Amino acid sequence: MDKMPRWADVILTPLISLFLAFAISALVILAIGESPVEALKIMVEGALGSSYGWGYTLYYTTNFVFTGLAVMVAYHAGLFNIGGEGQAMLGGLGVALVLLAVPWPHWSLALIGAMAAAALFGALWALIPAWLQARRGSHIVITTIMFNFIAAGLLNYMLVYVLRPQGSGDPASASFPPATHLPKLYDMALAMGFEWGKNTPANISLFIAIAACVLIWLLIWRTRLGYEIRAFGKSEPAALYAGISPVRITVLAMLISGALAGLMAINNVMGEAERLVLNAAEGAGFIGIAVALMGRNHPFGIFLAALLFGFLYQGGLELALWANIPRELIVVIQALVILFTGALDNMVRMPLERLFLSIRRKRGA
Amino acid sequence: MTAGPGAENATPAIELRGISKAFGPVQANKGINLSVPRGTIHGIIGENGAGKSTLMSILYGFYRPDSGEILIGGKPIAITDSQTAIRAGIGMVFQHFKLVQNFTVLENIILGAEEGPMLKTSLGRARAELKRLADEYELQVDPDAPIEELSVGHQQRVEILKALYRRADILILDEPTGVLTPAEADHLFRILRGLRDEGKTIILITHKLREIMEITDNVSVMRRGEMVTSVKTAETNPAQLAELMVGRKVLLRVDKAPAQPGAPVLEVRGLRMVDADGVERLRGIDLDIRAGEIVGIAGVAGNGQTQLLEILGGFPEAGAKLSGEVRLKGEVLALKGSDARARRRAGIGHVPEDRQVEGLIMDFTAWENAAFGYHDAPEFQNGPLMDNAAIRADAVGKIERFDVRPPNPDLAAKNFSGGNQQKIVVAREVERNPDLLLIGQPTRGVDIGAIEFIHKRIVELRDAGRAVLLVSVELDEIMALSDRIAVMFDGRIMGERLPDQATATDLGCLMAGVEPDGDAAAAMQAHDRTGAAR
Amino acid sequence: MDFSTIIAILDSALRLMTPLLLACLAGLYSERAGVFDIGLEGKMLMAAFTSASVAYVTGNVWLGLLAGIAGSLMLSLIHGLASITFRGNQLISGVAINFLAAGLTVLLGQKIFGLSGRTPSLEGGARFNAITLPFADSLRDVPVIGPIYSELISGHTILVYVAVLCVPLTWWVLYRTRFGLRLRAVGENPASVDTAGVSVTRMRYAAVAICGVLCGIAGAYLATGISAGFVKDMTAGRGYIALAALIFAKWRPWPALFATLLFGLMEAVSNRFPNLDLGFVTVPSMFMNALPYILTVIILAGFVGRAIPPRAGGEPYVKER
Amino acid sequence: DPALIFDLGGKFDKSFNEAAYVGAERWKAETGGTYKELEMQSEAQREQALRRLAETGANPIVMTGFAFGEVLGKIAPDYPDTKFVIIDMVVEQPNVQSVVFAEPEGSYLAGVMAAKASKSGTVSFVGGMDVPLIHKFECGYVQGVKATNPDAKVLINYTGTTPTAWNDPVKGGELVKAQISQGSDVVYAAAGGTGIGVLQAAADANILSIGVDSNQNHLHPGKVLTSMVKGVDNSVYDAFKAGADVAPGIKVMDLASGGVSVAMDDNNKPLVTPDMQAAVDAATKGIIDGTIKVHDYMTDNTCPVQ
Ligand SMILES: Nc1ncnc2c1ncn2[C@@H]1O[C@H](COP(=O)(O)OP(=O)(O)OP(=O)(O)O)[C@@H](O)[C@H]1O
Ligand SMILES: Nc1ncnc2c1ncn2[C@@H]1O[C@H](COP(=O)(O)OP(=O)(O)OP(=O)(O)O)[C@@H](O)[C@H]1O
Ligand SMILES: [Mg+2]
Ligand SMILES: [Mg+2]
C-alpha cells in the first residue's frame, strides 16, 4: 500500500533534505564572504576527521541522546515536554549533591549513585507538571516552560548560596572528588591498547546513552507500559475503553521522560565538568526537542539526529577556531537542518513519491 | 440506461464519463460512467471501499479526478473545487458530516456562503431563509443551537439545509441513514421525495437494500472501483443487487434457532447516572440478561444507551455520579471510577459504538489492535516484555477466521475500510468468549457482506451460552438478532417486547417516549423534541 | 503600598504586557486557524532586529516598523510553506524558526554593523516616543482619576495603544466578520471550510500572515518602543511566555489581554520588590525572579480548567492520504 | 601569535569582553601583529579551546572570565611552555598570570559620585545575575554611597536567573523605571547587554546612570555620570605586548595601579561638580593609602552595609 519503498522514505528523503540544508547554508556562508567548501572541510575534519574531533562530537551526541529520548517518551504519550532543560538542570543538581555528600570509594559505585540521583531529581521535576496535567488539566506545555525558569532560579540559588565553596567567585559547586571521575573513552581505549580521543570529554556515559536507546526502544515497543503509552498518546478515549488509566500513563511517561533528561547530567556534570556550573544544561533540553522530532521519535533516529547535532556543535567550534566565521553561523546551519529534514521533508518526499509511483506504473503496465 | 419519472427531459442532470482516480497505488475509481436523469433519485450501492464516496467527492470537487469528464445539464464542466460544484448547483451531505462542532447551526449554514464581509447581515438573512426552508421541507432545527449539542439526525438536517441554502439542484447523500432511526429515515425519505417532485436530482448512497428498493428510481452498483451495472430499481430485486455487489450469494436474513436462556449473567438494579454537568442521563435502569440470550436495546441515539454501555464496560465519563447495583454472575461490580480492565477480567467483552474513536487505535497495526484491551493477558507476555510473536500469531488467526480484507496484519487500522475495521474489533471481543458481550452499533456503515458475517458471529456466541447486550439504532437489526427487546427513552427503559410480537410502530412509539396506545401525532412531536440530544 | 506605587506598578505592567499581548494575539490568529506556532519568539526577535536596523539606517521609526513586520512575515512565510503547503510538522518548523532568527539576527547584525548582533542605539525619530494624551497635564492634579489618566493611561508609546486596541479588534474580526468565521472554522474542521467552497490553504496563509504582522509589531516594540536598539536574544523568552498566555487564555482575545496583563503585572511586582524582607528571612532575589512563573503554575493549577485547543490544531490538512 | 578567548557573553557585550577586544585591537593596530580569537559557545568548549590554541602554538593565551579558572588549573600543567593569562580569577600555576581587578574599589568611587549627584538621597543598582562577582560591584558601590551619605537609600535589583539576564535591555529598562518610581536618581548597572537598556531608560527619564567595565560615558553624553572602568583592555594589551614573556603570578589591578577607575571625560564633565571631584579624590587617596578599607564581598560573602 505504500507509495514508495521504505528505504527511499527512511534514507533517501533525509539525505536529500540534508543536502538542501547544507546547500542553503553554503549560500549563507558565501553571503558573509567566506568559502563554503573551506568551511565544510573544516567542519568535517574538525568533527569527524580525527579521534579528537570524534571525542567531542560523541560527547555532545551523548547529551542530545538523553534529552532527545526524554522528549520522545513524553511525545509517545501525547505530551509535549518542553521542560527537558529544567529537568537536566535538576539532574545536575542531584549529581552534585550525591557526589559531594557521599564519600564514594570507586567511580563505578559513584556512577550508580549519580545515575540514581540524576534520574530521581529529573523525574521529580517532571512529576509536578505531569500531576497537574493529569489531575488539574493544567497544560503541560505551559507548566514545563514555567518549570524551566523555576529550575534556573533554584540552580542559581543553590550554586551561589549553598554549593559554592567559600571564597570562590565562581557560581559553581566544588569539584567532585577524583574517586568519582568517570573513565573517559580515552582511558578505556588505552586500557585496550590503543590511543583514541586524547583530552576529549567523551566518557563512559556514551555507552549508557546507547544502552538507554535500546532500553527505551524495548520499553516503548516491547513492553506493556510502552504499548499503553503509545495507545494513550494516540487516543485517550480508546485508552479509557481499554482500561488504561490516563493519570497513571501521564505520570509514568513524564517520570521516565524527566529521568532521562536528568540523566544527561552524568555526561556533562559528572563526566565533563566534574563539578556543577551555572550554565550546565546549555540548551541541550531544547535541542532535544529538535533531535526527537527529527529522529521521528524513534531511538535509532534520535541517535542519528543527536550525532548530527554533535557534529554541528563540534564542527562549529572548529569553524570559529580556524575560519573567521562567527559562532552564530552554526546556529543558522542547525536551523536549516532542522527546517529541511524536520519540517520541509515533504517538499522532497512528495516529488519522490510521484517519481516512484510513475516508475511502478510503468513497470506494472 | 433508461430514465425514471420526468424522463421527458432528454439531457441528464449529471453525466460522468470515464472518471478515474488513484490514491497513490490504490485505484479508487476506474473509468466510471454514470448518467443520472433530472428529477430522479439514483441509488448507488457497493461494498466498503468500492469507491462510492470517492466518486461523489469528485463530483463535488473535493477530490480532483485523474482523468474523465463531468457534464452537468449536458454541459462539460471542470470541477476544480467545491466552489465550482456549488455554483453548478451541486450539494453534498458527506458520510462523515463536515460541520464545525462548536459553531451554531446558523453559522454552519452560512459558512462559505456569507453575503458580504460582515456576519450580521448574513446571519439575519440566513435566519429568515432558514425558517422558510425549514417550513417548506419540514426540516426544523434550532438555528442557535451549537452543533455538538444536536443529535446526529439533526446534524444531518443541518447538512441538508446547507445544501438547500446554497440552492442545490443536485443533492448527493452519502450513507445518510447509517445514523438515523427508522422514524428519522422515513422522515428523510419524505423530504427526498418532495425534493424530487420539485425537479431536483438526488444521488443516494446506502448499504441498505430496503432503502434502495423503497425510494430510488434507478440504482448503480459499484465493485472494486468499477461501475458494475446501472438498472431501473423496479426491474431488480434485493438478492440480485446483493449478488452483484459482493460477487456471491448473500443471505439477507439472520438465521437463528430459538434461544435457550440459562442462568442470569447480568443483573442491573436501579442504575442511575448523573454526568459532570449535573444532567441525569440514566434514571433507574433495571435489566436482566441470561446466558444464551441476546437482549437488544432499541432507541434513538442519545437516550442513555451510550452511557449504559460505558458504565457496564467500566469507563463512565469523567465526573459522573453513579448509583444502583450491577451484578455479573451474581458478583456485585464496583461502580466507582474507571476500570475497564477489571471488567474485562471479570468476563465482559465490549464492542464500542464508535470503533474509530474507542475501539481501535487507528495508527496501530491490525495485529496490535487485535490485542487492544487484552494486551495484559498472560498468554501475550514474555517475562517483562510483551510476546509480540504470540500476539501477531493470534491476530493472523483472527484475520483469517473473520475474513478481514486485506489479510495483512501489518497494515495500520486506518487503512482498512470501515467494515473490516469493525471485523477486527468484533473478532477481538468475540474470540475472547466473554460471559457477557456488550455490543454497540455492530454494523454501522458496514456493507451487507460484512453485516451477514458479523450477525452470524453474534448468534454463534449466544448459542455457545453467552449473554449478549446489543445496542443499535437499526430497528431491523434489533428485530433480527434479539431474543428480547428493551426500548430506551430519556434514561429509562420504556418497555420490553419479544421480537415476534413487536411491530415497528409499537417500538417506534416507545422510542419516542410514548406508550403505544397514545396517539401517533403526539409521538412524532415528542420525537422531534428529543431530537436534540441534550 | 500607596496609590502612586500601585500606579507605577500598573504602568510598568502595561509596558511589559505589550509585547506579550501582541505575540499572544499573533499566536491566537495562527492557532485559531489550526497552525500551531512555537516560533513566536523567533519572529519577534527577527522583527526586533530588522526594525532596529532600518530605523537606525533611515532614522525613521515608521520605516523601522514596516521592516520589522517584513522580517517577521518572512519567517511566517517559511512557517506557512512548511506547515501548510508541505504539511510538515508545525512544532519542528517553529523550533527551526527560533533557531534561524537567533542565528541570522546576529550574523546579519555583525555583517552590517560589526557590533556582533547589536545595532547602534536609536535616537530621536528612530524610536517611538511616549505620547501624552490630551488633557493629561491639566488633569494631573485631580485626585485618583488624575494620576490614573495622566500617569497610567497617558504617556506610552503608540504601540502600547495599538496592542490594546488589537484586543477588541481581534474580538470583532473573529466573531463579527466573515473572515473570522472562516478562520475559526478552519481551525476546528478544515474539511467543513473546504467543502463549503473556501480554500483552506488561503485561509491558513492569511492567518499565518496576520500572525507575522503582529509578531512584527511586537518585535518592533521591543527594539524601538520600549528600548532603543537591538541586542542579541533580546526577546528573552517572551515568545514562550506569550504562548503560555495564549493557552492560559484558551485562545480567546479578551482573556488574552487578561493573561498577558497578569504576566506583566507579576513581573512588574517582582521588579518592584526584588528582596522581600519577611522579618525572619530575606527572600533571595532568585526566588523573586522566579515568582511570576511559580504564581503562573499555581493559578493554572487552581483556577484555570482544562484548555482545549482548536480541534484541528497542529495537524496539516490532508485530503488525500 | 597571541590568542584571546572570550567568555560566553560574546565579544561585543559592550562591557567586559568588549574591553578585552579593544585591548587586543589596540595591540594589533600598534604592532601590526595578528592574533587568534575565539568565542565560547558551550561549557565543554573551554577546555577544548584552550588545548587547541595551546597545541597550535599560540602564546600567550588570554582568556576573560572566572569560568575558565577551573579548566585552566587543570590543563596549564600540560603545556608548560605556553603562557596563560586569565582575567578575573586566580589560578596558581607557574605559567599562568592571573589578573584580578579591585572592582569594589572602583565601585566605591562610583558610589561616592552617585551619593554626591543624588538629590533625592536614593540611588540604585541593577545587576545581571545574582552571582558573587556582581555582588562585589554592588557591595563596593553601597559602601561608597553610605560613606558619603549615611542616610542614603540604595535600591538593588537583579535581572534574572537565566543567561538571558545579560541580554535583556527591556527588563533592564523596566527595573530602572521601578527604581525611579521609588525615588532613585542615579543608577549603576553591572549587567552586560541589559545595562544598555538601563542606561537608555535612565537617560530617557533624565536621571543619571553609571556604566561599567568599559567607558560608557559616550552612550548618552551628559546623562551618564561616569563609568566604573576596569582596565581589561590594558591587561590584554600588556599581555599581548609581553608576548611569551608574560610574568606569571597574580596581578592585582586596583585603584593604585590604575587598574580600575571612574571615567572622567568630556561627556561627563558638566556633571562632575568640584565638590564631587574633591570627594572622589579624597576617597581615592584614602583607598590607596589604606585609610579607607573597601570590603570585598567575596572574602566572606557578606557586605558590611546594606
Ligand atoms: N483520502 C484517501 N486517501 C487515500 N485513499 C483513499 C482515500 N479515500 C479513499 N481511498 C481509497 O479509495 C477506495 C475507495 O474508498 P471510498 O471511501 O470511496 O469507498 P466507499 O465505497 O465509499 O466505501 P464505504 O462503503 O465504506 O463508504 C478505498 O478503498 C481506499 O483505498
Ligand atoms: N493511507 C491509506 N492508504 C490507502 N488506503 C487508505 C488509506 N487510508 C484509508 N484507506 C482506505 O480508505 C477506505 C475507507 O476509508 P474510510 O475512512 O472512508 O472508511 P469507510 O470505509 O468509509 O468506513 P465508514 O463506512 O465506517 O466510514 C479503506 O478501504 C481503506 O483501504
Ligand atoms: Mg463511503
Ligand atoms: Mg467511506
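Below, chain A is the first sequence line, B the second, and so on; all start at residue 1. Every heavy atom of this structure was used, including side-chain atoms; hydrogens, water molecules and symmetry mates were not. Because the structure is predicted, anything quoted here is derived from the model rather than measured.
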- Query: Can you tell if the side chain of R176(C) reaches within under 4.5 Å of the side chain of W171(C), non-hydrogen atoms only?
  - Reply: yes
- Heavy atoms, side chains only, cut-off 4.5 Å: are Y175(C) and R252(C) in contact? yes
- Y165(B) ring centre to K162(B) NZ or CZ under 6.0 Å, with the angle to the axis within 45°? no
- Note on the structure: So CG of L106(B) and CG of L123(B): to nearest 0.5 Å the spacing works out to 5.0 Å
- Would R127(B) and D144(B) pass as an ion pair if we require N to O under 4.0 Å? yes
- Task: Indicate whether any N or O donor in one side chain lies under 3.5 Å from an N or O acceptor in the other, for Q95(B) and S53(B).
- Result: yes
- What do you reckon, are the aromatic ring centroids of F128(C) and W62(C) less than 6.0 Å apart? yes
- Item | Engaged part of L99(B) at the chain C interface, taking heavy atoms whose separation is under 4.5 Å | backbone
- Message: What residues of residues 67-75 of chain C make heavy-atom contacts with chain B at a cutoff under 4.5 angstrom?
- Response: none
- Toward chain C, the part of R87(B) with a non-hydrogen atom under 4.5 Å: neither
- Measure centre to centre between the rings of F94(B) and Y60(B), then say whether the value is under 6.0 Å. yes
- For chain C, find which of K120(B), E107(B), E115(B) contributes the most heavy-atom pairs closer than 4.5 angstrom. E107(B)
- Criterion side-chain contact (heavy atoms from CB on, under 4.5 Å) on V198(C) and L111(B), from CA distance to verdict: CA-CA 9 Å; V198(C) 180; L111(B) 181 66; 5.9 Å; no
- Message: Under a 4.5 Å cutoff for heavy-atom pairs, which residue among N189(C), V193(C), T195(C), D194(C) has the most contacts with chain B?
- Response: T195(C)
- Side chain, backbone, both or neither: which part of R311(C) has an atom under 4.5 Å from a heavy atom of chain B? side chain
- Message: Please classify the contact between R182(C) and chain B as side chain, backbone, both or neither, with a heavy-atom cut-off of under 4.5 Å.
- Response: both
